[in-house]
Amino acid sequence: MKVIIGTATLELVEGDITRQTVDAIVNAANTTLLGGGGVDGAIHRAGGPAILEECRKVGGRPTGEAVITTGGNLPAKQVIHTVGPVWRDGSHREPELLQSAYKNSLIQAERHRCSSIAFPSISTGAYRFPLDKASRIALSTIIDHLKGTTPITAVRFVLFDSAARATYEKTLHHLSAEDKDIKNV
Ligand code: ADP
């Protein structure tokens, strides 16, 4: 599924984020930035040691923030590492922190002149954020951002399985039905 917002495209695909040829891919990291399981492990395995070396220099980052490193051996030029919240019960600022993770990733992309960016579904794996809620926060944060002035021209969500893709598609259908600034293509 693909839509247009302002001068940018927003696309949902099923696949592996480590294989995306874009200016930057986003990593769902943890606060240490020293690697982990899930998408984080996959990015470090595919990208090689140069990424971890830069992450070590940064140290760590609190939940909701984002930093950028080289893409190492990945087809993507750079990796934006952001830390999504661990879901507890929804009353520990989880929605707000997930929104910050997306927003700060977009800000990093802009600062480093990335015009194409690919996101995984942050926090919905080991961090257990409910997929439906997470998809609404992820997509509406990005859509709001693309309505402003931005050098970003392409955002791709790379969903790892068909359930995640179906959920994100359903959410994007709902959001586009009630928003005339989202154009279906
Ligand atoms: P978190 O700790 O933020 O929950 P995870 O890596 O555990 O991060 O999961 C986040 C999402 O990334 C999950 O939906 C998981 O299925 C997905 N995922 C795992 N590996 C990949 C990959 N190679 N490409 C894209 N998405 C992936």
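Both counts, for ligands and for their atoms, begin at 1 and track the order of listing.
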**OP:** Among Leu98, Ile137, Val39, find the one that has a side-chain contact (heavy atoms from CB on, under 4.5 Å) with Ile122.
**Re:** Leu98
Original post:
Does some side-chain heavy atom of Phe157 sit less than 4.5 Å from a side-chain heavy atom of Ile142?
Top reply: yes
Subject >> Protein residue, atom and distance nearest to atom 26 (N) of ligand 1, heavy-atom basis >> reply: Phe160 CB, 3.5 Å
Original post:
Going by heavy atoms, is Ser123 under 4.0 Å from ligand 1?
Top reply: yes
Subject >> Residue, atom name and distance, where the atom is the protein heavy atom closest to atom 4 (O) of ligand 1 >> reply: Gly125 N, 2.8 Å
Subject >> Residue pair Ala101 / Gly84: nearest heavy atoms and the distance that separates them >> reply: CB-CA, 4.4 Å
Original post:
Between Lys57 and Glu54, is there a side-chain N and carboxylate O pair less than 4.0 Å apart?
Top reply: no
**OP:** Return a yes/no value for Val39: is any of its N or O atoms, backbone included, closer than 3.5 angstrom to an N or O of ligand 1?
**Re:** yes
Original post:
Which ligand 1 atoms, with their elements, are less than 4.0 angstrom from a heavy-atom of Ala28?
Top reply: 3 (O), 8 (O)
Original post:
Do ligand 1 and Ala126 have nitrogen or oxygen atoms that lie under 3.5 Å from each other?
Top reply: yes
**OP:** Among all protein heavy atoms, pick out the one at the shortest distance from atom 14 (O) of ligand 1; state its residue, atom name and that distance to 0.1 Å.
**Re:** Thr124 OG1, 3.2 Å
Subject >> Atoms in ligand 1 flagged as close to Ser121, the criterion being non-hydrogen separation under 4.0 Å >> reply: 10 (C), 11 (C)
Original post:
Polar-atom distance check: Ala42 versus ligand 1, any N or O pair below 3.5 Å?
Top reply: no
Original post:
Which of these passes side chain to side chain donor-acceptor pair (under 3.5 Å) with Ser135: Thr171, Thr167, Thr124?
Top reply: Thr171
**OP:** Starting from atom 24 (N) of ligand 1, locate the nearest protein heavy atom and write down its residue, its atom name and how far away it is, to 0.1 Å.
**Re:** Ile17 N, 2.9 Å
Original post:
If we only count N/O pairs under 3.5 Å, is Asp161 in contact with ligand 1?
Top reply: no
**OP:** State whether the shortest distance between N or O atoms of Gly37 and N or O atoms of ligand 1 falls below 3.5 angstrom.
**Re:** no
Original post:
For Asp40, is at least one N or O under 3.5 Å away from an N or O on ligand 1?
Top reply: no
**OP:** Check whether the side chains of Thr150 and Glu110 place a donor and an acceptor atom closer than 3.5 Å, and report yes or no.
**Re:** yes
Subject >> Polar contact flag for Asp16 and ligand 1 (N/O pairs, less than 3.5 Å) >> reply: yes
Original post:
Does a salt bridge link Asp40 with Arg45, judged by any charged N lying under 4.0 Å from a carboxylate O?
Top reply: no
Subject >> Check: Val13 and Leu159 side chains under 4.5 Å, non-hydrogen atoms >> reply: no
Original post:
N/O to N/O below 3.5 Å, does that happen between Arg128 and ligand 1?
Top reply: no
Original post:
Do Ser121 and Tyr168 come within less than 4.5 Å of each other through their side chains, counting heavy atoms only?
Top reply: yes
Original post:
Salt bridge check: are Asp161 and Arg165 linked by an N-O gap of less than 4.0 Å?
Top reply: no
